[in-house]
Amino acid sequence: MKSRASAPGKVILFGEHFVVYGVKAILCAINKRITVTAEKKSDGKISIKSNIGNLTSHPNEPISKIKSPLRPFYYLANKIIQNHNTGIEVVVESDIPLGVGLGSSSACCVASAAAISRLFDETSKEDILKLAIEAEKTIFENTSGADCTVCTYGGIMEFDKENGFNIMKSKPNFHLVIANSNIEHSTKSVVASVKEFKDKNESRFTTLCDKESKLVKDVFELLKEDNIVEIGKKVKQNQEFLETIGISNDILREMIKTGQNKSFGAKITGAGGGGCIFALTDESNLDQTINEFKDKKIECFSVKIDFQGLDTF
Ligand code: PMV
């Protein structure tokens with residue numbers, strides 16, 4: 001018997017970096033997915049196949065001994081097959097670009113927690129989310145859990161450190177054109193560089209956090225009204241704040257300029273330094289925005305918000 005599950009990637013719409021210092025962020029799931037297929041095997045081994053490599057190992061290895069980016073899959077398979085006396089094969093297929101802030105690792109954790117656990121039991125979304133966050137912690141110890149949460153439930157989510165997550169009722173119909181700089185970024189080192197900026201510019205940083213909080217609050221209202229033109233202005237303002245804290249660079253700025261020509265606004269999404277930007281569009285300017293990127297030979301693709309979240313089949 002095989003069990004399959006898929007989970008969407010995500011983008012941070014507003015509030016990256018400032019969220020580390022307590023400001024609310026807004027994330028959304030996107031309609032690019034990871035699909036995981038799990039199957040019991042009689043060889044007693046844990047075997048993982050993915051487009052970034054394969055891993056075969058025996059159960060009950062200490063997790064610190066698994067020196068592979070596939071460690072979260074091993075963690076989940078090993079945990080879930082305890083007491084079931086079986087081997088397991090996990091196959092991962094992805095249409096989310098890896099390592100550029102689009103939630104590929106969270107989507108992997110969510111989809112594999114669901115696919116593997118459902119080989120044995122019906123498992124609730126809440127329990128799958130808990131397992132997924134545990135698995136993600138084997139590679140990002142300090143994960144807030146925000147990415148796994150939005151990948152599990154789909155839609156738009158507000159998040160802050162004090163109050164946690166809240167999936168919003170708004171179902172806006174916009175398209176995002178995501179452009180990939182193809183520069184891999186380390187979230188950890190960009191977060192460290194922002195801390196350095198903050199430590200050197202305490203009062204300026206506090207003012208920026210206040211401005212970002214106000215901006216995010218305004219966006220909640222605009223989302224309810226589906227006011228894409230005004231949301232686009234907030235996207236541009238948010239990008240200015242990200243420029244101020246030093247997470248942009250010439251390549252990203254050029255991409256944002258290109259994205260802003262025809263869209264309502266464009267900004268970095270995620271840690272910055274590399275990774276992706278998005279341009280906010282609707283049907284009226286989607287194709288033109290894509291063409292702007294294509295003319296400059298910038299890799300891009302369009303997504304919509306995914307309201308489904310985790311899917312099992
Ligand atoms: O690059 P991503 O998508 O992993 O985003 C990082 C978001 C930050 O706000 C920069 C860091 C964090 O832990 O929230």
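Just so you know, ligand 1 is whichever comes first in the structure, and atom 1 is the first atom listed for that ligand.
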Just list the side-chain donor-acceptor pairs under 3.5 Å for residues 53-63, sequence neighbours left out, or say none.
residue, atom, partner, partner atom, Å
N54, OD1, S50, N, 3.4
N60, OD1, Q82, NE2, 2.7

Query - F264/F174 under ring-ring contact (aromatic ring centres under 6.0 Å, His included): CA gap, chis, key distance, verdict - result: CA-CA 11 Å; F264 298 107; F174 49 67; 9.5 Å; no
Query raised in the report: Can you tell which of K24, K234, K233 makes a salt bridge (Lys or Arg N to Asp or Glu O under 4.0 Å) with D218?
Result: K234
Requested in this report: Would you indicate whether the side-chain heavy atoms of L223 and M168 approach each other to under 4.5 Å?
Outcome: yes
Requested in this report: Taking K67 for its side chain and S64 for its backbone only, find out whether a donor-acceptor pair lies under 3.5 Å.
Outcome: yes
Requested in this report: Non-hydrogen atoms closer than 4.0 Å to ligand 1: which protein residues do they belong to? List them by chain and number, please.
Outcome: K10, I12, E16, H17, V19, V20, G101, H185, T187, V191, G270, A271
**Report entry** Salt bridge flag under 4.0 Å for residues R4 and E93
**Finding:** yes
